[in-house]
Amino acid sequence: MSTESTHKMDFIREIVAEDIASGKHATIVTRFPPEPNGFLHIGHAKALCISFGVAQDVNAGRLGEGKATARTHLRMDDTNPVKEEKRYIDAIHADVKWLGFDWGEHEYYASDYFEQLVAWAELLIGAGKAYVDDQTGDEIRATRGTLTEPGKASPFRDRTPEENLDLFARMKAGEFADGSRVLRAKIDMAAPNMNLRDPVMYRVLHAVHPHAGDKWCVYPMYDYAHGQSDWIEGITHSLCSLEFEAHRPLYDWFVDAIMDAGGHPRLPAPGAPVTDELRKDRPRQIEFARLNLTYTVMSKRRLLALVNDKHVAGWDDPRMPTLSAMRRRGYPAEAIREFADGIGLSKRNQTIDLARLEFHVREHLNKSAERRMAVLDPLKVVITNYPDDTVEHMDAINNPEDEGAGTRKVPFSKVLYIEREDFMEDPPKKFFRLGPGREVRLRYAYFVTCTDVIKDAAGNIVELHCTYDPATKGGDAPDGRKVKGTLHWVSAAHALDAEVRLYDTLFTQENPDDVEEGKSWTDQINPDSLKTITAKVEPAMKTAKAGTTVQFERTGYFCVDPDTEDGPLIVNRTVTLKDSWGKQQGK
RNA sequence: AGGCCCGUAGUUCAAUUGGCAGAACGCCUGAUUCUGGUUCAGGAGGUUCCAGGUUCGAUUCCUGGCGGGCCUGCCA
């Protein structure tokens, strides 16, 4: 009995399980094929979790009852040098690793297959299934037809294989200018699927490639390169998003056409026949719905625009949905994986509530993040009956969810800061915090009672006077009396200043595309998505290293920003704590 | 308009392949709590897109509608 029955299944895992059960595959190979033209985002995390997750499930015996092994390749889908850059390749490596996936030695580049791809293209030309077209881009577009009308054949469609071979060789040799000629597959100009109306296989591009250098003047299109790259690597299940559904017939057409012409990546010897057995050795493309999140955009084009138009500080600005941004913001990789695994897999377009991602972030951080006290909006408090020069070091628990995290000392003295919103001069009954004559607990310290409210000439509250009860040291009253509220605080003399970056959603609408006539998604950008303040934090934060996330009690989780390395403490708010009081106030 | 794909709580997914429609997140209530956090207990929320048909019985099968998505780059 396998654990399969108890494990979460989806339509892709069912297909893989069947393919193992039927003996179709003894080795399952999946792949993650990013184009290095931007940074990976949370949508890629979903794809990563699916392709790596399927392989992990196979290896763990959860899929296919241990009758197969599996691996996952990382492949740069680098067929368009004008958009791709080395720095994106580096960022992809870092992000995939950070998320927790290991491709081992299986790192590949589509550009490493260009030689083979060209050889197969020549095979197709020889078989009369591809031709060089001298039409301009505009002409090709104009003759492609529409959704309801068939296209028109190119005047160059019936060139001889010899002529095509010669022309293609000269394209490769760099004899022709960019855009002057393309190699097209000869399929069907009347096909209802537009992708089959003689799609372009190669274009002339005199561009330096980030991986292949200046070796090539022709570059293959996605449709011609992707399926064949899968095939070369022995990918069994090529998992991609829904918009490639209409490309699947073409994906299969190229494989069939190459085999019909005598090609196969695993021919035992040059010129050997493509046997029925070899014919079964081919990849299968399966599509699933890509991830959308509320209050953000996910397309790389738009993310690039946000960066280029300076709406954010960069690809790793913590407001971005990129993995590098989430890392910088303090989202744990494990939370992102749990999120991705939990949202399900289907063919329906999905938009997930941001709240669901935040749930996983809080769930993980609640268990792992140490607690600290920090006052974001300081209000001075003087404990009038506390000795002037005394400092006490209070014991504070680092993480109530993790006993192993231990305790620390927090200095307490006569002058403190508390949160401005923790005091109300005329509080309603449900307000459990400080008010004139009210007693509250200062966490890990004493019960205090507010005796005086000091205001400036304009009537603004600038200071509070309180008395403390020495018998309540540590936070408990020996007489058993209770207080409704517990406040966080810092000692003014010991507090550190910290720059705190408070983030809100990058867009004001759940769906940034939901706009009135004449407006665009960029009009929905939230002008208050970043607020920078200076907070007072307890001295234990002095040693906090970049990348560590702590919980500031009662306010939220905060991650030390890498900018801290060369200056004062800077923290990013990862996510707020759930706030039933604030919610109640909001309505 | 032509082709392909998809319609189940607010959202994302289940429903042992024809047998009493469930879960998670979100929302609401209560208990607990030295974080208005956590934890625990409970609640609201469904014409399974619609209409026919087959069947003792349909979310599931059939037919026809309706709604949504994708496709007319020398992007991926």
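So that the names make sense, note that chain A is the first sequence line, chain B the second, and so on, each numbered from 1.
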* **N/O (side chain, A:T146) to phosphate O (OP1/OP2, B:A1) under 4.0 Å** => no
* Asked: Counting side-chain heavy atoms from C-beta on, which of B:C5, B:A76, B:C74 comes nearest to A:E245?
  -> B:C5
* Given the C1' atoms of B:C50 and B:C4, what is the spacing between them in whole Å? -> 23 Å
* To do: Mind checking A:P33 for me? I need base, sugar-phosphate or nothing, with any heavy atom below 4.0 Å counting as a touch.
  => nothing
* Going by distance alone, is a donor N or O of one side chain under 3.5 Å from an acceptor N or O of the other, for A:D198 and A:Y131? -> yes
* May I ask you to evaluate whether A:Q551 reaches the phosphate of B:G37, defined as a side-chain N or O under 4.0 Å from OP1 or OP2? => no
* To do: Please determine, by modelled atom types, if A:D395 and A:T407 share a side-chain donor-acceptor pair under 3.5 angstrom.
  => no
* Indicate, with a heavy-atom threshold strictly under 4.0 Å, whether A:E35 touches base, sugar-phosphate, or nothing. => sugar-phosphate
* Quote, to the nearest angstrom, the P distance that separates B:U54 from B:A44. => 37 Å
* **Check: A:G475 main-chain N/O paired with A:R441 side-chain donor or acceptor under 3.5 Å** => yes
* Centroid under 5.5 Å and tilt under 30°, A:W581 to B:G36 -> yes
* Asked: Relative to the 5' end of RNA chain B, which residue comes earlier, A:V200 or A:R441, by the nucleotide with the nearest heavy atom?
  -> A:R441
* Quick one: is A:R144 getting a side-chain N or O under 4.0 Å of the B:C74 phosphate, OP1 or OP2? -> yes
* To do: Validate the cation-pi geometry between A:R181 and A:F176: distance from NZ or CZ to the six-membered ring centre under 6.0 Å, angle to the ring axis within 45°.
  => yes
* Which is true for A:K300 with a 4.0 Å heavy-atom rule: it touches a base, it touches only sugar-phosphate, or it touches nothing? -> nothing
* Please determine, by modelled atom types, if A:Q585 and A:K430 share a side-chain donor-acceptor pair under 3.5 angstrom. => no
* Asked: Say you pick atom C1' in B:U47 and the same atom in B:A31; how far apart are they, in whole Å?
  -> 37 Å
* Would you mind classifying the nucleic acid contact of A:F244 as base, sugar-phosphate or nothing, using non-hydrogen atoms under 4.0 angstrom? => base
* Check every strand shown and say whether A:E358 touches a base, only sugar-phosphate, or nothing at a heavy-atom separation below 4.0 Å. => nothing
* To do: Looking at every strand, decide which applies to A:G137 at a 4.0 Å heavy-atom threshold: base, sugar-phosphate, or nothing.
  => base
* To do: Could you check A:Q285, A:H247, A:R31 and say which one makes a side chain to side chain donor-acceptor pair (under 3.5 Å) with A:H226?
  => A:R31
* Got a donor-acceptor contact below 3.5 angstrom from the A:W489 side chain to the A:R443 backbone? -> yes
* To do: Assign A:T294 to base, sugar-phosphate, or nothing according to its heavy-atom contacts below 4.0 angstrom with the strands shown.
  => nothing
* Is the distance from OP1 or OP2 of B:U11 to the nearest side-chain N or O of A:T351 less than 4.0 Å? -> no
* Structure fact -> Only one of A:V361, A:V571, A:N366 passes side-chain contact (heavy atoms from CB on, under 4.5 Å) with A:Y557, and that residue is A:N366
* To do: Would you tell me if any nitrogen or oxygen in the side chain of A:K583 comes within less than 4.0 Å of OP1 or OP2 on B:C27?
  => yes
* Asked: When we call it a touch if two heavy atoms are under 4.0 Å apart, what does A:I343 touch: a base, just sugar-phosphate, or nothing?
  -> sugar-phosphate
* To do: Mind listing the residues from residues 283-293 of chain A sitting with a heavy atom below 4.0 Å of RNA chain B? Number order is fine.
  => none
* To do: Specify the separation, in whole Å, of atom CD of A:Q350 and atom C1' of B:A14.
  => 15 Å
* Under-4.0 Å salt bridge between A:D133 and A:R157 -> no
* Asked: More than 12 non-hydrogen atoms from neighbouring residues, nucleotides or ligands closer than 6.0 Å to NZ on A:K347, yes or no?
  -> yes
* To do: For B:C71, take OP1 and OP2 only and decide whether either is under 4.0 Å from a side-chain N or O of A:R197.
  => no
* Could you work out the separation of B:G73 and B:G67 based on their C1' atoms and round it to a whole Å? => 29 Å
* To do: Using a heavy-atom cut-off of under 4.0 Å over every strand shown, decide if A:E401 touches base, sugar-phosphate, or nothing.
  => base
* **A:Y108 and A:H73 aromatic ring geometry - parallel, tilted or perpendicular at 30°/60° bounds** => tilted
* Tell me the partner of B:C66, counting only Watson-Crick (N1-N3 plus N6-O4 or O6-N4) or G-U wobble (N1-O2 and O6-N3) with both under 3.5 Å; none if nothing fits. => B:G7
* hbond_proxy A:R371 side chain to B:U35 base (donor-acceptor, 3.5 Å cutoff) -> yes
* Asked: Is there a donor in the side chain of A:E419 and an acceptor in the side chain of A:H488, or the other way round, less than 3.5 Å apart?
  -> yes
* **Assigned partner base of B:C56, Watson-Crick or wobble definition, under 3.5 Å** => B:G19
* To do: Check whether any side-chain N or O of A:R433 sits under 4.0 Å from OP1 or OP2 of B:G36, and answer yes or no.
  => no
* To do: Using the P atom on both, measure B:G45 against B:U29 and round to a whole Å.
  => 16 Å
* Could you check whether A:L345 gets within reach of a base, just the sugar-phosphate, or nothing at all, counting any heavy atom under 4.0 Å? => sugar-phosphate
* **Integer angstrom distance from the P of B:U55 to that of B:U16** => 23 Å
* Side-chain donor-acceptor pair present, A:D95, A:H44, cut-off under 3.5 Å -> no
* B:A1 versus B:C70 - spacing of their C1' atoms, nearest Å -> 16 Å
* Asked: Which is true for A:D476 with a 4.0 Å heavy-atom rule: it touches a base, it touches only sugar-phosphate, or it touches nothing?
  -> base
* C1' gap between B:G22 and B:U32, integer Å -> 29 Å
* **Syn/anti state for B:G43 [syn: chi within 90° of 0]** => anti
* To do: Give the rounded distance in Å between these two atoms: CE of A:M221 and C1' of B:U72.
  => 14 Å
Please write out each protein N/O paired with an N/O of nucleotides 23-25 of chain B under 3.5 Å, distance rounded to 0.1 Å.
from, atom 1, to, atom 2, distance (Å)
B:A24, N3, A:R356, NH1, 3.3

* Asked: Looking across every strand, which nucleic acid part, if any, lies under 4.0 Å from A:Y444 by heavy atom: base, sugar-phosphate, or nothing?
  -> base
* Using a cut-off of 4.0 Å on non-hydrogen atoms, how would the nucleic acid contact of A:L577 be classed: base, sugar-phosphate, or nothing? -> base
